[in-house]
Amino acid sequence: MIHKLIFLFTIIFLFGCVNQPLINQKIVSSDIANFWEAYDKMTSTQDTTLQLQYINELYIDKGTIGLQNIMALKNYTAEGYVDAINKYPKFWNSIRANTLQSKDHQEDIVKSIQKLKAIYPDLSPATIYFTIGILRTNGTIMDSTVLIGSEMSFADKTTIVDELPDWRKPFFTDYNPIEGLELLCTHEYVHTQQTALVDNLLTYCLYEGVAEFVSTKALGVPSEVPAIKFGKDNEAIVKAEFEKDLFIPQRTYNWLWGQNQNELKVRDLGYYIGYSICENYYEKSKDKTLAIKEMIELDFSNEDQIEAFVNTSGFLTDSLNIIYKNFESSIPTVVGIKSLVNGSQDVDPTVKQITLNFSKPMDKENRGFEFGPLGEENVLRVEKVIGFSEDGKSFTIEIGLVPNKQYQTLVSNRFISVDGIPLKPYLIDFKTRVK
(Lines give C-alpha, C1' and ligand atoms only; values in the text may rest on other atoms or scores of the structure.)
Protein backbone atom coordinates (compact mmCIF):
# COMPACT_ATOMS: atom_id res chain seq x y z
CA MET A 1 0.00 0.00 0.00
CA ILE A 2 2.79 2.40 0.92
CA HIS A 3 4.53 1.64 -2.38
CA LYS A 4 1.32 2.40 -4.26
CA LEU A 5 0.95 5.75 -2.49
CA ILE A 6 4.53 6.68 -3.25
CA PHE A 7 4.00 5.78 -6.91
CA LEU A 8 0.77 7.83 -7.05
CA PHE A 9 2.49 10.83 -5.45
CA THR A 10 5.31 10.59 -7.98
CA ILE A 11 2.88 10.59 -10.91
CA ILE A 12 1.02 13.64 -9.51
CA PHE A 13 4.30 15.47 -8.88
CA LEU A 14 5.65 14.83 -12.37
CA PHE A 15 2.36 15.80 -13.98
CA GLY A 16 2.38 19.07 -12.05
CA CYS A 17 5.96 19.81 -13.19
CA VAL A 18 5.05 19.31 -16.83
CA ASN A 19 2.11 21.69 -16.68
CA GLN A 20 3.62 24.43 -14.54
CA PRO A 21 6.20 26.79 -16.03
CA LEU A 22 9.38 26.52 -14.02
CA ILE A 23 10.46 30.08 -14.78
CA ASN A 24 8.51 33.29 -15.14
CA GLN A 25 9.34 33.73 -18.84
CA LYS A 26 7.64 36.62 -20.63
CA ILE A 27 6.81 36.11 -24.31
CA VAL A 28 5.03 38.93 -26.16
CA SER A 29 3.33 38.29 -29.52
CA SER A 30 0.89 41.20 -29.88
CA ASP A 31 2.89 42.68 -32.78
CA ILE A 32 1.87 39.73 -34.97
CA ALA A 33 -1.86 40.39 -34.69
CA ASN A 34 -1.26 44.11 -35.22
CA PHE A 35 0.74 43.43 -38.36
CA TRP A 36 -1.98 41.34 -39.99
CA GLU A 37 -4.62 43.94 -39.12
CA ALA A 38 -2.46 46.54 -40.89
CA TYR A 39 -1.77 44.11 -43.74
CA ASP A 40 -5.47 43.56 -44.42
CA LYS A 41 -6.13 47.30 -44.55
CA MET A 42 -3.07 47.94 -46.71
CA THR A 43 -3.91 45.29 -49.28
CA SER A 44 -7.45 46.63 -49.63
CA THR A 45 -6.12 49.69 -51.47
CA GLN A 46 -3.53 50.60 -54.10
CA ASP A 47 -3.12 54.09 -52.65
CA THR A 48 0.43 54.14 -51.24
CA THR A 49 -0.36 57.16 -49.08
CA LEU A 50 -3.11 55.20 -47.38
CA GLN A 51 -0.89 52.12 -47.17
CA LEU A 52 1.75 54.13 -45.30
CA GLN A 53 -0.94 55.49 -43.01
CA TYR A 54 -2.23 52.00 -42.19
CA ILE A 55 1.19 50.46 -41.50
CA ASN A 56 2.07 53.37 -39.24
CA GLU A 57 -1.20 53.65 -37.34
CA LEU A 58 -2.09 49.97 -37.02
CA TYR A 59 1.34 48.39 -36.66
CA ILE A 60 4.29 50.66 -35.98
CA ASP A 61 2.59 53.17 -33.67
CA LYS A 62 0.98 50.34 -31.68
CA GLY A 63 4.19 48.34 -31.56
CA THR A 64 5.88 46.87 -28.52
CA ILE A 65 9.36 47.85 -27.36
CA GLY A 66 10.44 44.69 -29.17
CA LEU A 67 9.18 46.03 -32.49
CA GLN A 68 10.83 49.38 -31.82
CA ASN A 69 14.11 47.65 -31.08
CA ILE A 70 14.15 45.39 -34.15
CA MET A 71 13.18 48.30 -36.39
CA ALA A 72 16.06 50.35 -35.02
CA LEU A 73 18.58 47.52 -35.33
CA LYS A 74 17.60 46.52 -38.86
CA ASN A 75 16.69 49.96 -40.21
CA TYR A 76 13.08 48.98 -40.91
CA THR A 77 10.85 51.82 -42.09
CA ALA A 78 7.18 52.21 -42.92
CA GLU A 79 8.16 52.65 -46.57
CA GLY A 80 10.13 49.42 -46.40
CA TYR A 81 7.13 47.52 -45.08
CA VAL A 82 4.88 48.88 -47.79
CA ASP A 83 7.39 47.96 -50.47
CA ALA A 84 7.90 44.40 -49.18
CA ILE A 85 4.18 43.76 -48.73
CA ASN A 86 3.45 44.91 -52.27
CA LYS A 87 6.33 42.93 -53.81
CA TYR A 88 5.80 39.55 -52.17
CA PRO A 89 2.05 38.84 -51.85
CA LYS A 90 2.39 35.05 -52.22
CA PHE A 91 5.05 34.95 -49.54
CA TRP A 92 3.00 36.91 -47.02
CA ASN A 93 -0.13 34.88 -47.60
CA SER A 94 1.80 31.64 -47.19
CA ILE A 95 3.44 32.64 -43.90
CA ARG A 96 0.36 34.15 -42.26
CA ALA A 97 -1.19 31.06 -40.64
CA ASN A 98 2.07 29.95 -39.03
CA THR A 99 2.74 33.34 -37.45
CA LEU A 100 -0.80 33.55 -36.05
CA GLN A 101 -0.17 30.26 -34.24
CA SER A 102 2.86 31.62 -32.38
CA LYS A 103 1.24 31.03 -28.99
CA ASP A 104 1.18 27.29 -29.71
CA HIS A 105 4.98 27.31 -29.45
CA GLN A 106 5.32 29.29 -26.26
CA GLU A 107 5.19 26.38 -23.82
CA ASP A 108 8.03 24.61 -25.64
CA ILE A 109 10.05 27.81 -25.71
CA VAL A 110 9.60 28.28 -21.96
CA LYS A 111 10.80 24.71 -21.41
CA SER A 112 13.83 25.41 -23.60
CA ILE A 113 14.79 28.48 -21.57
CA GLN A 114 14.35 26.42 -18.41
CA LYS A 115 16.82 23.89 -19.81
CA LEU A 116 19.24 26.75 -20.47
CA LYS A 117 18.88 27.87 -16.86
CA ALA A 118 19.57 24.32 -15.71
CA ILE A 119 23.05 24.38 -17.25
CA TYR A 120 23.62 28.08 -16.51
CA PRO A 121 21.98 28.87 -13.15
CA ASP A 122 23.04 32.53 -13.29
CA LEU A 123 20.71 33.16 -16.24
CA SER A 124 19.29 36.69 -16.19
CA PRO A 125 15.71 37.22 -17.41
CA ALA A 126 15.03 38.47 -20.92
CA THR A 127 11.73 39.12 -22.66
CA ILE A 128 11.06 37.37 -25.97
CA TYR A 129 9.18 39.41 -28.58
CA PHE A 130 7.61 37.90 -31.69
CA THR A 131 7.63 40.67 -34.28
CA ILE A 132 7.23 40.78 -38.03
CA GLY A 133 10.01 42.45 -39.98
CA ILE A 134 11.12 42.79 -43.58
CA LEU A 135 13.19 39.66 -44.11
CA ARG A 136 16.47 40.91 -42.66
CA THR A 137 16.70 38.72 -39.57
CA ASN A 138 15.03 35.70 -38.05
CA GLY A 139 16.38 36.61 -34.64
CA THR A 140 18.53 39.17 -32.87
CA ILE A 141 18.75 40.94 -29.51
CA MET A 142 18.94 44.36 -27.95
CA ASP A 143 19.91 44.57 -24.29
CA SER A 144 17.54 42.18 -22.44
CA THR A 145 15.09 41.70 -25.31
CA VAL A 146 15.08 38.72 -27.67
CA LEU A 147 13.68 39.88 -31.02
CA ILE A 148 12.25 37.21 -33.30
CA GLY A 149 11.53 38.03 -36.95
CA SER A 150 8.45 35.83 -37.24
CA GLU A 151 8.14 36.25 -41.02
CA MET A 152 11.33 34.21 -41.25
CA SER A 153 11.45 32.04 -38.15
CA PHE A 154 7.93 30.63 -38.65
CA ALA A 155 8.53 29.56 -42.25
CA ASP A 156 8.18 25.93 -43.27
CA LYS A 157 8.30 23.91 -46.47
CA THR A 158 4.93 25.33 -47.56
CA THR A 159 6.21 28.91 -47.48
CA ILE A 160 6.29 30.36 -51.01
CA VAL A 161 9.62 32.05 -51.69
CA ASP A 162 9.81 32.33 -55.48
CA GLU A 163 9.10 36.10 -55.33
CA LEU A 164 11.98 36.76 -52.94
CA PRO A 165 15.47 37.93 -54.01
CA ASP A 166 17.87 35.09 -54.83
CA TRP A 167 20.17 35.99 -51.91
CA ARG A 168 17.34 35.49 -49.42
CA LYS A 169 15.88 32.21 -50.74
CA PRO A 170 18.54 29.85 -49.27
CA PHE A 171 17.45 30.69 -45.74
CA PHE A 172 14.08 29.12 -46.47
CA THR A 173 15.24 26.30 -48.75
CA ASP A 174 18.34 25.03 -46.89
CA TYR A 175 16.38 23.96 -43.83
CA ASN A 176 12.95 24.19 -42.20
CA PRO A 177 13.08 27.33 -39.97
CA ILE A 178 10.03 26.63 -37.80
CA GLU A 179 11.53 23.33 -36.64
CA GLY A 180 14.41 25.25 -35.08
CA LEU A 181 12.30 27.87 -33.34
CA GLU A 182 13.07 26.73 -29.78
CA LEU A 183 16.77 26.51 -30.61
CA LEU A 184 16.69 29.98 -32.19
CA CYS A 185 15.05 31.53 -29.12
CA THR A 186 17.56 29.82 -26.82
CA HIS A 187 20.50 30.91 -29.01
CA GLU A 188 19.36 34.54 -28.91
CA TYR A 189 18.68 34.28 -25.18
CA VAL A 190 22.33 33.34 -24.65
CA HIS A 191 23.32 36.51 -26.51
CA THR A 192 21.46 38.59 -23.92
CA GLN A 193 23.80 37.19 -21.26
CA GLN A 194 27.06 37.97 -23.10
CA THR A 195 29.36 40.97 -22.75
CA ALA A 196 29.64 43.74 -25.33
CA LEU A 197 31.32 42.79 -28.59
CA VAL A 198 34.69 44.00 -29.79
CA ASP A 199 35.12 44.65 -33.50
CA ASN A 200 37.25 41.76 -34.71
CA LEU A 201 36.63 38.48 -36.46
CA LEU A 202 37.64 36.19 -33.60
CA THR A 203 35.28 37.71 -31.04
CA TYR A 204 32.42 37.71 -33.55
CA CYS A 205 32.98 34.00 -34.13
CA LEU A 206 33.13 33.30 -30.41
CA TYR A 207 30.00 35.37 -29.80
CA GLU A 208 27.99 33.28 -32.26
CA GLY A 209 29.77 30.03 -31.47
CA VAL A 210 29.11 30.29 -27.73
CA ALA A 211 25.41 30.96 -28.29
CA GLU A 212 25.08 28.06 -30.73
CA PHE A 213 27.08 25.55 -28.67
CA VAL A 214 25.43 26.39 -25.35
CA SER A 215 21.90 26.35 -26.79
CA THR A 216 22.40 22.98 -28.49
CA LYS A 217 23.94 21.61 -25.29
CA ALA A 218 21.00 22.86 -23.22
CA LEU A 219 18.38 21.41 -25.56
CA GLY A 220 20.26 18.24 -26.42
CA VAL A 221 19.79 18.75 -30.16
CA PRO A 222 22.25 19.21 -33.05
CA SER A 223 22.83 22.60 -34.60
CA GLU A 224 20.77 23.43 -37.66
CA VAL A 225 23.37 25.85 -39.05
CA PRO A 226 24.47 24.29 -42.39
CA ALA A 227 27.95 25.81 -42.01
CA ILE A 228 28.66 23.70 -38.92
CA LYS A 229 28.12 20.43 -40.77
CA PHE A 230 30.18 21.72 -43.71
CA GLY A 231 32.96 22.76 -41.35
CA LYS A 232 33.10 19.39 -39.64
CA ASP A 233 33.21 17.65 -43.02
CA ASN A 234 35.98 19.96 -44.32
CA GLU A 235 37.81 20.91 -41.15
CA ALA A 236 41.36 21.18 -42.46
CA ILE A 237 40.68 23.56 -45.34
CA VAL A 238 38.16 25.65 -43.37
CA LYS A 239 40.61 26.05 -40.51
CA ALA A 240 43.44 26.98 -42.90
CA GLU A 241 41.34 29.63 -44.64
CA PHE A 242 40.19 31.05 -41.31
CA GLU A 243 43.71 31.38 -40.00
CA LYS A 244 44.69 33.22 -43.20
CA ASP A 245 41.79 35.67 -42.74
CA LEU A 246 41.84 35.96 -38.95
CA PHE A 247 43.71 39.26 -38.71
CA ILE A 248 42.34 40.91 -41.86
CA PRO A 249 39.35 43.15 -41.00
CA GLN A 250 38.19 43.25 -44.62
CA ARG A 251 37.55 39.48 -44.51
CA THR A 252 35.00 39.44 -41.66
CA TYR A 253 32.01 39.04 -43.97
CA ASN A 254 33.60 35.98 -45.53
CA TRP A 255 32.84 34.29 -42.23
CA LEU A 256 29.77 35.90 -40.70
CA TRP A 257 26.58 37.65 -41.76
CA GLY A 258 27.46 37.75 -45.45
CA GLN A 259 28.26 35.72 -48.53
CA ASN A 260 31.69 34.12 -48.40
CA GLN A 261 33.91 35.44 -51.18
CA ASN A 262 36.80 33.01 -50.81
CA GLU A 263 37.11 29.59 -52.41
CA LEU A 264 34.88 27.92 -49.81
CA LYS A 265 31.72 29.75 -51.00
CA VAL A 266 29.84 28.82 -47.81
CA ARG A 267 28.34 31.55 -45.65
CA ASP A 268 28.52 31.84 -41.86
CA LEU A 269 31.46 29.48 -41.36
CA GLY A 270 32.42 31.67 -38.41
CA TYR A 271 29.63 29.90 -36.50
CA TYR A 272 31.49 26.66 -37.08
CA ILE A 273 34.81 28.14 -35.91
CA GLY A 274 33.33 29.55 -32.70
CA TYR A 275 31.21 26.45 -32.07
CA SER A 276 34.20 24.13 -32.47
CA ILE A 277 36.41 26.20 -30.18
CA CYS A 278 33.68 25.96 -27.53
CA GLU A 279 33.15 22.26 -28.15
CA ASN A 280 36.85 21.52 -27.71
CA TYR A 281 37.05 23.69 -24.60
CA TYR A 282 34.03 21.95 -23.09
CA GLU A 283 35.33 18.46 -23.82
CA LYS A 284 38.67 19.28 -22.18
CA SER A 285 37.05 20.78 -19.07
CA LYS A 286 36.58 18.64 -15.98
CA ASP A 287 33.90 20.94 -14.58
CA LYS A 288 31.30 21.16 -17.37
CA THR A 289 29.06 23.63 -15.53
CA LEU A 290 32.01 25.95 -15.00
CA ALA A 291 32.97 25.61 -18.67
CA ILE A 292 29.48 26.78 -19.75
CA LYS A 293 29.69 29.70 -17.34
CA GLU A 294 33.13 30.67 -18.64
CA MET A 295 31.89 30.59 -22.23
CA ILE A 296 28.84 32.75 -21.61
CA GLU A 297 30.74 35.22 -19.46
CA LEU A 298 33.74 35.63 -21.76
CA ASP A 299 34.90 39.25 -21.62
CA PHE A 300 35.44 40.11 -25.27
CA SER A 301 37.36 43.25 -24.34
CA ASN A 302 39.92 41.19 -22.39
CA GLU A 303 42.45 40.02 -24.98
CA ASP A 304 44.35 37.84 -22.50
CA GLN A 305 41.17 36.02 -21.49
CA ILE A 306 40.11 35.45 -25.10
CA GLU A 307 43.56 34.24 -26.06
CA ALA A 308 43.71 31.84 -23.11
CA PHE A 309 40.25 30.45 -23.92
CA VAL A 310 41.07 29.86 -27.59
CA ASN A 311 44.51 28.42 -26.89
CA THR A 312 43.16 26.09 -24.20
CA SER A 313 40.58 24.73 -26.63
CA GLY A 314 43.39 23.57 -28.92
CA PHE A 315 41.14 23.88 -31.95
CA LEU A 316 43.36 26.10 -34.10
CA THR A 317 46.57 24.69 -35.55
CA ASP A 318 48.73 26.70 -33.14
CA SER A 319 48.53 29.35 -30.45
CA LEU A 320 47.10 32.73 -31.43
CA ASN A 321 50.48 34.33 -30.82
CA ILE A 322 52.24 32.03 -33.30
CA ILE A 323 49.44 32.37 -35.85
CA TYR A 324 49.74 36.15 -35.62
CA LYS A 325 53.53 36.06 -35.98
CA ASN A 326 53.16 33.96 -39.12
CA PHE A 327 50.58 36.40 -40.44
CA GLU A 328 52.72 39.42 -39.53
CA SER A 329 55.59 38.09 -41.61
CA SER A 330 53.29 38.05 -44.64
CA ILE A 331 52.06 41.66 -44.33
CA PRO A 332 53.27 43.82 -47.25
CA THR A 333 55.22 46.95 -46.32
CA VAL A 334 56.67 50.02 -47.99
CA VAL A 335 60.40 49.37 -48.05
CA GLY A 336 61.50 52.68 -49.52
CA ILE A 337 60.73 55.77 -51.58
CA LYS A 338 62.67 56.64 -54.71
CA SER A 339 63.65 60.34 -55.17
CA LEU A 340 63.42 61.43 -51.52
CA VAL A 341 64.31 60.30 -48.01
CA ASN A 342 61.26 59.89 -45.81
CA GLY A 343 61.58 61.92 -42.61
CA SER A 344 64.03 64.38 -44.19
CA GLN A 345 63.68 68.08 -43.35
CA ASP A 346 65.63 69.14 -46.44
CA VAL A 347 63.85 67.69 -49.48
CA ASP A 348 64.45 69.40 -52.83
CA PRO A 349 61.14 71.14 -53.78
CA THR A 350 61.86 70.52 -57.47
CA VAL A 351 61.24 66.77 -57.08
CA LYS A 352 58.38 65.97 -59.46
CA GLN A 353 57.99 62.24 -59.15
CA ILE A 354 58.25 59.64 -56.41
CA THR A 355 58.02 55.84 -56.47
CA LEU A 356 56.87 53.68 -53.56
CA ASN A 357 58.64 50.33 -53.35
CA PHE A 358 56.83 47.41 -51.72
CA SER A 359 58.10 44.26 -50.06
CA LYS A 360 55.93 42.01 -52.27
CA PRO A 361 53.82 42.25 -55.44
CA MET A 362 50.64 44.26 -54.98
CA ASP A 363 47.16 43.93 -56.47
CA LYS A 364 47.03 46.57 -59.22
CA GLU A 365 43.29 47.13 -58.74
CA ASN A 366 43.62 48.46 -55.20
CA ARG A 367 45.26 51.57 -53.79
CA GLY A 368 44.48 54.43 -51.45
CA PHE A 369 45.98 57.47 -49.73
CA GLU A 370 44.73 59.36 -46.67
CA PHE A 371 45.56 62.56 -44.79
CA GLY A 372 48.35 62.39 -42.23
CA PRO A 373 48.06 63.71 -38.65
CA LEU A 374 48.53 67.33 -39.86
CA GLY A 375 45.41 67.07 -42.01
CA GLU A 376 44.42 68.33 -45.43
CA GLU A 377 46.55 71.49 -45.40
CA ASN A 378 49.74 69.45 -45.36
CA VAL A 379 48.75 66.58 -47.61
CA LEU A 380 51.06 65.58 -50.44
CA ARG A 381 49.10 66.43 -53.58
CA VAL A 382 49.09 63.87 -56.38
CA GLU A 383 49.15 65.64 -59.74
CA LYS A 384 49.23 62.48 -61.84
CA VAL A 385 49.12 58.74 -61.20
CA ILE A 386 51.71 56.83 -63.22
CA GLY A 387 50.68 53.57 -61.56
CA PHE A 388 52.12 50.20 -60.71
CA SER A 389 55.20 48.66 -62.23
CA GLU A 390 54.72 45.51 -64.29
CA ASP A 391 55.73 43.29 -61.36
CA GLY A 392 53.43 45.13 -58.96
CA LYS A 393 56.27 45.89 -56.55
CA SER A 394 56.30 49.66 -57.04
CA PHE A 395 53.85 52.52 -57.56
CA THR A 396 54.71 55.88 -59.08
CA ILE A 397 53.00 59.26 -58.79
CA GLU A 398 53.80 62.78 -59.94
CA ILE A 399 53.67 65.44 -57.20
CA GLY A 400 53.87 69.19 -56.85
CA LEU A 401 55.98 70.65 -54.03
CA VAL A 402 56.62 74.16 -52.74
CA PRO A 403 59.64 75.30 -50.66
CA ASN A 404 59.65 75.34 -46.87
CA LYS A 405 56.57 73.18 -46.25
CA GLN A 406 55.84 70.08 -44.19
CA TYR A 407 54.12 67.32 -46.17
CA GLN A 408 52.30 64.23 -44.92
CA THR A 409 50.37 61.46 -46.63
CA LEU A 410 49.35 58.06 -45.31
CA VAL A 411 49.81 55.18 -47.73
CA SER A 412 46.78 53.23 -46.52
CA ASN A 413 45.84 49.59 -46.22
CA ARG A 414 43.68 49.97 -49.29
CA PHE A 415 46.87 48.89 -51.05
CA ILE A 416 46.59 45.08 -51.00
CA SER A 417 49.06 42.40 -51.98
CA VAL A 418 48.28 39.89 -54.71
CA ASP A 419 47.61 37.29 -52.02
CA GLY A 420 44.96 39.57 -50.52
CA ILE A 421 46.73 40.99 -47.47
CA PRO A 422 46.37 44.73 -46.76
CA LEU A 423 49.48 46.89 -46.59
CA LYS A 424 50.89 47.95 -43.25
CA PRO A 425 50.01 51.68 -43.36
CA TYR A 426 53.01 53.90 -44.04
CA LEU A 427 53.26 57.61 -43.27
CA ILE A 428 55.15 59.74 -45.76
CA ASP A 429 56.39 62.72 -43.72
CA PHE A 430 59.01 65.24 -44.88
CA LYS A 431 59.75 68.96 -45.21
CA THR A 432 61.07 70.79 -48.24
CA ARG A 433 64.07 73.11 -47.98
CA VAL A 434 63.62 76.85 -48.11
CA LYS A 435 64.87 77.16 -51.70
Side-chain angles (χ1 to χ4, degrees), residues 26-106 126-156 158-173 177-178 181 184-185 188 191-192 253 257-259:
K26 188 175 181 183
I27 301 176
V28 181
S29 59
S30 57
D31 287 319
I32 292 178
N34 291 342
F35 174 84
W36 291 114
E37 181 184 0
Y39 178 90
D40 287 340
K41 292 289 288 185
M42 280 184 56
T43 54
S44 70
T45 179
Q46 299 297 312
D47 186 330
T48 55
T49 301
L50 278 177
Q51 289 180 332
L52 281 169
Q53 178 184 326
Y54 293 144
I55 198 70
N56 275 309
E57 291 180 356
L58 300 176
Y59 184 53
I60 296 173
D61 293 348
K62 293 166 63 176
T64 64
I65 186 66
L67 179 60
Q68 294 172 29
N69 287 350
I70 202 169
M71 287 186 68
L73 282 172
K74 296 300 174 181
N75 298 312
Y76 291 156
T77 64
E79 292 79 6
Y81 277 102
V82 170
D83 181 62
I85 288 170
N86 287 330
K87 277 183 177 178
Y88 315 130
K90 290 190 291 184
F91 167 78
W92 292 111
N93 286 326
S94 68
I95 198 70
R96 181 171 185 154
N98 282 5
T99 64
L100 288 171
Q101 294 169 5
S102 65
K103 290 185 178 179
D104 295 346
H105 299 271
Q106 292 188 14
T127 301
I128 299 173
Y129 289 90
F130 289 119
T131 69
I132 292 187
I134 320 175
L135 296 160
R136 292 179 192 160
T137 183
N138 63 327
T140 186
I141 65 135
M142 180 183 282
D143 301 324
S144 60
T145 60
V146 173
L147 311 170
I148 301 301
S150 304
E151 81 285 6
M152 296 180 65
S153 61
F154 282 86
D156 60 21
T158 69
T159 304
I160 299 172
V161 300
D162 59 285
E163 302 162 318
L164 302 184
D166 288 342
W167 63 269
R168 177 44 75 202
K169 291 177 184 177
F171 173 84
F172 298 95
T173 57
I178 199 168
L181 183 61
L184 169 67
C185 290
E188 299 301 335
H191 282 324
T192 68
Y253 292 105
W257 316 314
Q259 185 60 49

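Just so you know, these numbers use all the heavy atoms, side chains as well, and skip hydrogens, waters and symmetry mates.
- Atom CG of N138 is separated from atom CZ of F172 by 8.5 Å, given to the nearest 0.5 angstrom.
- Residue L164 forms a side chain to side chain contact (heavy atoms under 4.5 Å, CB included) with just one option from D166, I160, V161, and that option is V161.
- The shortest heavy-atom contact between N98 and I178 is ND2-CD1, 3.9 Å.
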Inset, instruction - List the steps and the verdict of side-chain contact (heavy atoms from CB on, under 4.5 Å) for E188 and L184. - result: CA-CA 6 Å; E188 299 301 335; L184 169 67; 3.9 Å; yes

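- Between the side chains of W92 and T43, no donor N or O sits under 3.5 Å from an acceptor N or O.
- Within the model, atoms CE of M71 and CD1 of I134 stand 7.0 Å from one another, a figure rounded to the nearest 0.5 Å.
- In this structure, Y81 and F35 have tilted ring planes: the angle between them lies in the 30° to 60° band.
- Atom-to-atom distance recorded for S153:OG and I95:CD1 is 8.0 Å, nearest 0.5 angstrom.
- Summarising the geometry, atom CD1 belonging to I85 is positioned 11.0 Å from atom CZ belonging to F91; distances are rounded to the nearest 0.5 Å.
- Partners of D47 under the side-chain hydrogen bond (donor to acceptor under 3.5 Å, both in side chains) rule, at least two apart in sequence or in another chain, do not exist in this structure.
- When every heavy atom of V28 is checked against every heavy atom of K26, the shortest pair comes out as CG2-CE, 3.9 Å.
- When the shell of 6.0 Å around NZ of K103 is examined, it contains 12 or fewer heavy atoms from other residues, nucleotides or ligands.
- No more than 12 heavy atoms of other residues, nucleotides or ligands lie within 6.0 Å of NZ in K41, so this atom counts as exposed by the packing criterion.
- Closest non-hydrogen pair, Q51 versus V82, comes out as OE1-CG1, 3.4 Å.
- For the pair I70 and L147, the tightest heavy-atom approach, listed with the atom from each and the gap, is N-CD1, 3.7 Å.
- In terms of heavy-atom proximity, P177 sits nearest to A155 at CD-O, 3.5 Å.
- Side chains of Y88 and P165 form a contact here, defined as non-hydrogen atoms less than 4.5 Å apart.
- D31 and T64 share a donor-acceptor pair across their side chains, judged by distance under 3.5 Å alone.
- Considering CG of L181 and CG of D104, their distance stands at 11.5 Å, rounded to 0.5 Å.
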Inset, instruction - Before giving the answer on side-chain contact (heavy atoms from CB on, under 4.5 Å), spell out for I65 and Q68 the whole-Å C-alpha distance, their side-chain angles and the decisive distance to 0.1 Å. - result: CA-CA 5 Å; I65 186 66; Q68 294 172 29; 3.6 Å; yes

Legend entry - Worked verdict on H105 versus C185 for side-chain contact (heavy atoms from CB on, under 4.5 Å): CA-CA 11 Å; H105 299 271; C185 290; over 6 Å; no

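- Considering every non-hydrogen atom in both A38 and I55, the closest pair reads CB-CD1, 4.1 Å.
- Side chains of Y54 and T45 form a contact here, defined as non-hydrogen atoms less than 4.5 Å apart.
- Residues K62 and S30 have side chains not in contact (no heavy-atom distance under 4.5 Å, counting atoms from C-beta outward).
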Inset, instruction - Run the numbers on L58 and N34 for side-chain contact (heavy atoms from CB on, under 4.5 Å), then give the verdict. - result: CA-CA 6 Å; L58 300 176; N34 291 342; over 6 Å; no

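- With rounding to the nearest 0.5 angstrom, the CD atom of E151 is 9.5 Å from the OG1 atom of T99.
- At least one donor-acceptor pair closer than 3.5 Å links the side chain of R136 to the backbone N or O of N75.
- The shortest distance between side-chain heavy atoms of Y59 and I132 falls below 4.5 Å.
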